[in-house]
Amino acid sequence: MNLRAVSLRALLILGLCHTGRRSLASSPGLRDQPKKIAVVGAGIGGTAAAYFLRQEFGKAVKIDVFEPGTIGGRLATVKIGDYEYETGGSVIHPLNLHMKHFIDKLGIPQRKDVPSKMAIFDGKEITFEESDWFIVNFLRLLWRYGFNFLRMHMWVESVLDKFMRIYQYQQFGYSFSSVERLLHAMGGDSFLTLANQTLEEAMLADGFSQVFLNDIVAPITRVNYGQSVRINGFVGAVSLAGADSGLWAVDGGNKRVCSGLLYHCKAELIPARVTSISVKVRPSKSGTTASFYELNYVGESGSAHSLYDIVVIATPLHLGKSDITFSGFSPPIPSHYPGRYHQTVSTLVRGLLNVSYLGTTEQPSEFMVSDVLTTDSKGSIINSLSSIDPVHIPAGYKRLPASQVKVWKVFSPQPLSQEQLKHMFLSWDSVSATPWLAYPAYRPPHRRTPPFILHDRLYYLNAVEWAASAMEMSAISARNVALLAHHRWNSQGAKIDQEDLHTRLRGEL
Ligand SMILES: Cc1cc2nc3c(=O)[nH]c(=O)nc-3n(C[C@H](O)[C@H](O)[C@H](O)COP(=O)(O)OP(=O)(O)OC[C@H]3O[C@@H](n4cnc5c(N)ncnc54)[C@H](O)[C@@H]3O)c2cc1C
Ligand SMILES: *[C@@H]1O[C@H](CO)[C@@H](O)[C@H](O)[C@H]1NC(C)=O
Ligand SMILES: *[C@@H]1O[C@H](CO)[C@@H](O)[C@H](O)[C@H]1NC(C)=O
């Protein structure tokens, strides 16, 4: 990490606090402000969108957020005994500046850190176990993989440096009309290529060894995205950054950010499922016509509909994720875009691990590994196995060795059978399985990612997941969509899809 990058990041972190004032000041009421905005979905994407829309459009606009399920979406917890545990999105990178900004703004602390220890399991035995000593790890990896390891850090670092540019662009109010344009603004053609080839292709081309990819990179993509090194190179880099140190989580559960943002921006939560969206044209006061979006929705008190000036869809438009009919649009908007979401079953087990399952001869009372990653071996039924901590760390909490009853989290593509559980655990008193359609099944090369702009004032936030799915990606997309909505409403084309921002903004900090 070079010094210039560090200071740029520090400036960005400070600078983010000033974001609110800029855009309100720069919208001199060229046109009446919108009266009603709808956001469909109250995950981190939808709630961040509501927050940024409030920032862009000011106090007067009414913001309704539709959510039939629990606030948080794929950020969710389950209760086991007296404690809550994350079952969906769990860790956040130290340079995820929007997530950091949210908790600072909401006054929620980070969860206390509990030291972790990683190992890699190849289906038969443990092939690598982290030592408590950095230098030991370093020498072991150097011995086995030469400089691949160091180079991986540099590789991820260089992607991250370009990725960080988005915060500066957004701070200056710039937005992008498609995922491709957003990627291009961050990292130029190299990001587009990265997103359209596999991580394996990208890393082999950069001189990494196949053995290193199989032994070290695949376990990381498997734990983060349940998939092999054939995911796209961009989400691959995001995944590898997820193996950095300094990862954090939100005290009390990540989903607290979602309810916090809704409350903070004074949006109204409508506990209903949106079933269809259509365009309606109405005569307006001035004698001309105005068009609105009509949302039909079903809640506990039956079905209803309302008109909105602007709509943001903040749920994936994919089979099994949502089922919204769009009518009256030309060209037509599909209910489901091509491609599917990958299943990851998150199984939380409170019990005694069968350490022999991992092919180790270590005594359970000595076995302190917290995260077991797995290689891409035939017949492997699990993606990872982790000893997890509650969302709030009680005073005096210490991670227990495997000889004690504790809570384990298993990620697997299929639900675990009783037989499989019996093999992995000697005993248990509680099992809770959540089958997630977790993130896209990444299969590059792809023709096109779905659009951010579905229609004039109708936006689609989760298109960004086809570059990479993560909390911060949804937050970045939320900010982008709020800026887009604002600039398009006020016909400020100069703030959309500007080329070469990196060089143009260089002198501005
Ligand atoms: C097991 C797992 C582990 C993960 N680990 C991490 C991690 O460690 N770090 C990380 O950054 N990311 C992680 N992710 C990814 C991360 O959780 C997601 O990228 C992120 O939470 C997506 O947020 P979202 O708001 O865009 O979508 P969602 O959270 O899916 O929110 C969409 C919401 O829309 C609602 N909805 C759907 N249809 C309708 C409708 N018709 N009307 C109204 N509402 C509707 C849904 O109920 C849902 O609440 C993980 C995901 C999973 C599943
Ligand atoms: C524990 O795992 C080992 C190795 O897979 C297996 O032979 C043994 O039967 C398991 N123990 C139990 C109680 O199932
Ligand atoms: C991705 O690559 C394929 C073929 O290699 C090409 O047809 C397609 O246009 C590319 N897509 C993008 C977005 O660059």
Side-chain angles (χ1 to χ4, degrees), residues 38-50 64-76 86-93 96 98-99 123-125 223-226 235 238-239 241-242 247-249 254-255 257-258 261 269-277 295-299 312-318 320-325 335 341-347 352-360 383-384 409 411-412 419-427 434-440 460-465 468-478 481:
V39 176
V40 182
I44 187 64
T47 55
D64 289 346
V65 178
F66 291 87
E67 175 59 65
T70 315
I71 296 178
R74 275 171 275 170
L75 306 183
E86 298 282 359
T87 122
S90 55
V91 295
I92 305 168
H93 191 273
N96 284 173
H98 285 321
M99 291 303 293
K124 290 202 187 71
E125 57 180 3
V223 64
N224 286 326
Y225 289 101
V235 70
V238 169
S239 185
L247 301 181
W248 58 281
N254 296 326
K255 68 177 183 186
V257 172
C258 304
L261 288 174
L269 178 72
I270 301 185
R273 175 177 303 281
V274 173
T275 51
S276 69
I277 300 177
L295 266 63
N296 288 277
Y297 53 93
V298 184
V312 173
I313 310 283
T315 171
L317 294 174
H318 282 276
K321 297 298 285 178
S322 62
D323 238 324
I324 303 170
T325 309
S335 292
Y341 268 61
H342 181 86
Q343 174 170 281
T344 289
V345 183
S346 171
T347 307
L352 268 182
L353 183 71
N354 174 11
V355 287
S356 322
Y357 175 79
L358 299 171
T360 172
N383 293 336
S384 62
K409 181 196 267 180
F411 281 163
S412 57
E419 277 311 302
Q420 289 166 333
L421 280 173
K422 271 190 195 150
H423 201 157
M424 296 166 68
F425 295 94
L426 300 173
S427 65
T434 315
W436 293 105
L437 280 177
Y439 12 68
Y460 178 35
L461 188 146
N462 294 76
V464 85
E465 287 190 71
S469 174
M471 295 173 226
E472 185 72 6
M473 291 303 291
S474 284
I476 287 174
S477 189
V481 158

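Quick caveat, the model's predicted, so the values are computed rather than measured. Counting starts at 1 for both ligands and their atoms, in listed order.
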Side chain to side chain contact (heavy atoms under 4.5 Å, CB included) evaluation trace for Thr47 with Val257: CA-CA 9 Å; Thr47 55; Val257 172; 5.9 Å; no
Worked verdict on Leu353 versus Leu358 for side chain to side chain contact (heavy atoms under 4.5 Å, CB included): CA-CA 10 Å; Leu353 183 71; Leu358 299 171; 4.2 Å; yes
Let's go through Leu295 and Asp64 carefully: what are the C-alpha distance in whole Å and the side-chain angles of both, what is the deciding distance for side chain to side chain contact (heavy atoms under 4.5 Å, CB included) to 0.1 Å, and is it a yes or a no? CA-CA 11 Å; Leu295 266 63; Asp64 289 346; over 6 Å; no
Under the side chain to side chain contact (heavy atoms under 4.5 Å, CB included) criterion, do Leu247 and His93 qualify, and how do the steps go? CA-CA 5 Å; Leu247 301 181; His93 191 273; 4.1 Å; yes
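One finds the CD1 atom of Ile71 at 9.5 Å from the NZ atom of Lys255 (value rounded to the nearest 0.5 Å). Expressed to the nearest 0.5 Å, how far CG of Leu426 lies from OH of Tyr357 amounts to 13.0 Å. To the nearest 0.5 Å, the span separating CG on Leu437 from OG on Ser322 amounts to 11.0 Å. The CG atom of Asn354 sits 6.5 Å away from atom NE2 of His423, with the distance rounded to the nearest 0.5 Å. Atom-to-atom distance recorded for Tyr297:OH and Glu67:CD is 15.0 Å, nearest 0.5 angstrom. Here the OG1 atom belonging to Thr434 is positioned 9.5 Å from the CZ atom belonging to Phe411, to the nearest 0.5 angstrom.
Given atom 32 (C) of ligand 1, the protein heavy atom at minimum distance is Ala314 O, 3.3 Å. Closest to atom 31 (O) of ligand 1 among all protein heavy atoms lies Gly43 CA, 3.6 Å. Atom 4 (C) of ligand 2 has Ser356 O, 3.5 Å as its closest protein atom, hydrogens excluded (heavy atom only). For atom 3 (C) of ligand 2, the closest non-hydrogen atom on the protein side is Asn354 ND2, 3.6 Å. Regarding atom 9 (N) of ligand 1, its nearest protein heavy-atom neighbour is Val91 O, 2.8 Å. Thr315 OG1, 3.2 Å is the protein heavy atom nearest to atom 37 (C) of ligand 1. From the protein, the heavy atom lying nearest to atom 5 (O) of ligand 2 is His423 NE2, 2.9 Å. For atom 2 (C) of ligand 1, the nearest protein heavy atom (residue, atom name, distance) is Gly88 C, 3.7 Å. Distance from atom 14 (O) of ligand 2 to its nearest protein heavy atom, with residue and atom name: Lys422 O, 3.5 Å. From the protein, the heavy atom lying nearest to atom 13 (C) of ligand 2 is Leu426 CD2, 3.7 Å. For atom 20 (C) of ligand 1, the nearest non-hydrogen atom of the protein is Ile44 CG2, 4.1 Å.
Taking only nitrogen or oxygen atoms, main chain and side chain alike, Glu67 reaches within less than 3.5 Å of ligand 1. Taking any N or O of Ala438, backbone or side chain, none lies under 3.5 Å from an N or O belonging to ligand 1. Residue-to-ligand polar distances keep Pro316 apart from ligand 1: every N/O pair is separated by 3.5 Å or more. Between Leu75 and ligand 1, not a single N/O pair is under 3.5 Å apart. Inclusion of Pro68 in the set of residues having an N or O under 3.5 Å from an N or O of ligand 1 is not warranted. Inclusion of Trp436 in the set of residues having an N or O under 3.5 Å from an N or O of ligand 1 is not warranted. The shortest N or O to N or O distance between Arg74 and ligand 1 is under 3.5 Å. Taking distance alone, with nitrogen or oxygen atoms compared against 3.5 Å, Gly69 stays at or beyond that limit from ligand 1.
Between Glu465 and Arg74 there is a salt bridge, with a side-chain nitrogen of the basic residue lying less than 4.0 Å from a carboxylate oxygen of the acidic one.
Residue Tyr357 approaches ligand 2 through these ligand atoms, each under 4.0 Å from one of its heavy atoms: 2 (O), 5 (O). Numbered from 1 in the order shown, with element, the atoms of ligand 1 that lie under 4.0 Å from a heavy atom of Thr87 read 1 (C). Contact atoms of ligand 1 toward Gly41: 33 (C), 34 (O), 35 (C), 44 (N) (distance under 4.0 Å to a heavy atom of the residue). Using a 4.0 Å cut-off to heavy atoms of Val274, the atoms of ligand 1 that qualify are 40 (C), 41 (N), 42 (N), 43 (C). Shown in contact with Lys321 at under 4.0 Å from a heavy atom are these atoms of ligand 1, numbered in order with element: 37 (C), 38 (N). Interface of Ile324 with ligand 1, defined as ligand atoms under 4.0 Å from a residue heavy atom, comprises 41 (N). In summary, the atoms of ligand 1 found under 4.0 Å from a heavy atom of Gly73, numbered by their order in the structure, are 29 (O), 48 (C), 49 (O). Residue Ser322 has at least one heavy-atom neighbour below 4.0 Å for each of these atoms of ligand 1: 38 (N). Atoms of ligand 1 found under 4.0 Å from any heavy atom of Asn462 (numbered from 1 in listed order, with element): 24 (P), 26 (O), 27 (O).
The side-chain heavy atoms of Ile476 and Val464, taken from C-beta on, include no pair separated by under 4.5 Å. For the pair Met471 and Asn96, the minimum side-chain heavy-atom distance is 4.5 Å or more. No side-chain heavy atom of Ser477 sits under 4.5 Å from any side-chain heavy atom of Asn462. At a threshold of 4.5 Å between non-hydrogen side-chain atoms, the residues Trp436 and Thr87 count as touching. No side-chain heavy atom of Ser412 sits under 4.5 Å from any side-chain heavy atom of Gln420. You'll find the side chain of Arg273 stays beyond 4.5 Å of the side chain of Asp323, heavy atoms only.
Side chain to side chain, Ser469 and Tyr225 fail the donor-acceptor criterion of an N or O pair below 3.5 Å.
Evaluated by nearest non-hydrogen atom to atom 26 (O) of ligand 1, the leading choice among Gly45, Ser474, Pro435 is Ser474. Counting heavy atoms only, Met471 comes closest to atom 12 (N) of ligand 1 of the residues Met471, Glu465, Glu472. Comparing Ser469, Gly89, Ala468 against atom 4 (C) of ligand 1, the shortest heavy-atom distance belongs to Gly89.
Under 4.0 Å from ligand 1, not a single heavy atom of Asp323 appears.
The aromatic rings of Tyr341 and His318 sit tilted relative to each other, their planes meeting at an angle between 30° and 60°.
Counting only heavy atoms, the protein never gets under 4.0 Å from atom 9 (O) of ligand 2.
Residue-ligand proximity: Gly72 is placed with a non-hydrogen atom under 4.0 Å from ligand 1.
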